Colleague: 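Please read through the structure below; I'll follow up with questions.
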Amino acid sequence: MSKGVRIARELLDQYGIDDPSEIPLETLIYGRDAIIREKPLSNCDGRIVFGNKKSIITINSNIEFEGKRRFVLAHELGHHEMHRNEIPVHFDNDATLQYFKNGNQETQANEFASEILMPSKLFLSQSERKRFSPELLRELSNLFLTSLTSTVYRYFDFGRHPICLIYSYNNVVKYWKRPDEYPHFLINRINLPPPEGSVAYEFFNEKKIYTKANSKQRVWKSTWFNLNREEDDNDTNFYEFCIITPKYNTVLSVIWEEI
Amino acid sequence: MSKKANLKGFKNLLHDFAESVSSNSETANEYLREEGFDIDMLLNKSLKHIKKTELILNAEKNKSKVENLIQEALIKIKRIIEKNKGLPTAKLAEILSERAPAFQFRSLEKWDDNQIIEVLEDIDLINFIEEIDEAN
């Protein structure tokens, strides 16, 4: 178990919290002797400055979505719990809040935030008997009051249906992630544009964004994966659902197979 | 025996029974289990409720204390904040490195003046809050 998850579980246990909806996040933060200030921040979503015992967590008041606001607060609480003796200040922006390209402390704070907002046991019980779909992700995101992006990453770790994630920025694939022992070979497109035929490609090249009702799009397996010998695209059912953030020109593609 | 005396006798009997059950936790638990209660679950739930209540009370106390302290601290550091606003970037970075030595390891050159001023404000704020808190 990672440090972030362990510390989050200890905290939830210390206060008898099984379900995060039982206690407002702000209450947990004040209960841990951290101070929340809300004001416009120019270059970051959140910041924490440590004192000897207390910390000041400043959250950007311009954050539009409650799910993101909660994730930033939980992430900063993670720094308060784990990193107070290491660096006196943390700035967190879209880059540090992403799971995959940061140093140890940011990863720990992200893991902490996910466990605080979406405790693994509860997440599993809420998702395990349900068929995977964009609707399920939205349902979980509404239930836990989390962003769709953080819910997707949580589902990747704890969901029952294997999914692959591909993150693109400015029409370039920056990162991909697939489950261990996934039976299909994801083509490495790091530093290349998303492939033609993908939903990500449609956004970057045609500015196309599907409506909620049509957000699950069929794609050929060969769009993102290698085809096995004697395998035909018509033999498989692959889908892509994209979380698009036009403001930052990013796309998180969620790819899965339905059998 | 009169009805009244009967009722009194019955009440005494009930009282003695309740007393004997509740005065001994093993008997009490056994009685509750026989009645279909899940003792461990009830204990666990109650304990969690107590923990949550303690957290809420502690958070409310901290929040209300801190809100007052912030007002007091902001008044005290207002002059410093204003002074910082007029300083050049290099001087701001120097002050920051003095106030928080670990900053020398960060790429301060990538920070803009506003970021440095805001962090200095937070450092002063947290120091004043902790000072006032300790003095009280």
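None of the values given here were measured: they were computed from a predicted structure. Within every chain, numbering begins at 1; the chains are lettered A, B, ... in the order of the sequence lines, protein sequences first and strands thereafter.
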Colleague: Would you find more than 12 non-hydrogen atoms of other residues, nucleotides or ligands less than 6.0 Å from A:Arg160 atom CZ?
Modeller: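 No, CZ of A:Arg160 has 12 or fewer neighbouring heavy atoms, counting only those of other groups under 6.0 Å.
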
Colleague: Does a sphere of radius 6.0 Å around NZ in B:Lys4 hold more than 12 heavy atoms from other residues, nucleotides or ligands, not counting ones at 6.0 Å or beyond?
Modeller: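 Count not over threshold, so no.
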
Colleague: To the nearest 0.5 Å, what is the distance between CG on A:Leu28 and CG on B:Asn58?
Modeller: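 One finds 11.0 Å between CG of A:Leu28 and CG of B:Asn58.
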
Colleague: Mark yes or no for whether B:Glu130, through its side chain, and A:Gly51, through its backbone, hold a donor-acceptor pair below 3.5 Å.
Modeller: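 Side chain of B:Glu130 to backbone of A:Gly51, a donor-acceptor pair under 3.5 Å: no, none is there.
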
Colleague: Give a yes or no on this: more than 12 heavy atoms of other residues, nucleotides or ligands lie within 6.0 Å of atom OH of A:Tyr169.
Modeller: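 It does not: A:Tyr169 OH has 12 such atoms or fewer within range.
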
Colleague: Considering only heavy atoms, which portion of A:Glu26 lies under 4.5 Å from any heavy atom of chain B: side chain, backbone, both, or neither?
Modeller: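 A:Glu26 has no heavy atom closer than 4.5 Å to chain B.
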
Colleague: With sequence neighbours left out, which residue pairs that include part of residues 39-53 of chain B fulfil the side-chain hydrogen bond (donor to acceptor under 3.5 Å, both in side chains) condition?
Modeller: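 The answer is A:Asp18-B:Lys48, A:Glu22-B:Lys52.
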
Colleague: Looking at A:Phe156, I'd like to know if its CZ atom is crowded, meaning that more than 12 non-hydrogen atoms belonging to other residues, nucleotides or ligands lie closer than 6.0 Å.
Modeller: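 Check passes, neighbour count above 12.
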
Colleague: Can you name the closest pair of heavy atoms from B:Ala59 and A:Gly31 and give their distance?
Modeller: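 For B:Ala59 and A:Gly31, the tightest heavy-atom pair comes out as CB-N, 3.6 Å.
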
Colleague: Check this for me: does any side-chain nitrogen of one of B:Glu121 and A:Lys39 sit under 4.0 Å from a carboxylate oxygen of the other?
Modeller: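 A:Lys39 and B:Glu121: salt-bridged.
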
Colleague: Only heavy atoms, only distances under 4.5 angstrom. Which residues in residues 56-63 of chain A are near chain B?
Modeller: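 Listed by number, the contacting residues are A:Ile56, A:Thr58.
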
Colleague: Count the heavy-atom pairs under 4.5 Å between each of B:Val66, B:Ile70, B:Leu47 and chain A, then report the option with the highest count.
Modeller: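 Greatest number of close heavy-atom pairs with chain A: B:Val66.
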
Colleague: Please report the interatomic distance OG1(A:Thr27) to CD(B:Glu60), rounded to the nearest 0.5 Å.
Modeller: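 Output value for this atom pair is 7.5 Å.
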
Colleague: Count the heavy atoms belonging to other residues, nucleotides or ligands that lie under 6.0 Å from CG of A:Asp19, then report whether that count exceeds 12.
Modeller: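 Yes, enclosed.
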
Colleague: For the residue pair A:Ile17 and B:Leu55, establish whether any side-chain heavy-atom pair is separated by less than 4.5 Å.
Modeller: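 They are in contact (side-chain heavy atoms under 4.5 Å apart), so the answer is yes.
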
Colleague: Please report the interatomic distance CD(B:Glu54) to OH(A:Tyr15), rounded to the nearest 0.5 Å.
Modeller: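 B:Glu54 atom CD to A:Tyr15 atom OH measures 9.5 Å (nearest 0.5 Å).
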
Colleague: So does B:Glu26 have more than 12 non-hydrogen atoms from other groups sitting under 6.0 Å from CD?
Modeller: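 Check fails, neighbour count at 12 or below.
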
Colleague: Measure the spacing between CG of A:Asp33 and NZ of B:Lys65 and express it to the nearest 0.5 Å.
Modeller: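 Result: 7.0 Å between the selected atoms.
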
Colleague: Between B:Asn62 and A:Lys54, is any pair of side-chain heavy atoms under 4.5 Å apart?
Modeller: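 Heavy-atom side-chain distance check fails, nothing below 4.5 Å.
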
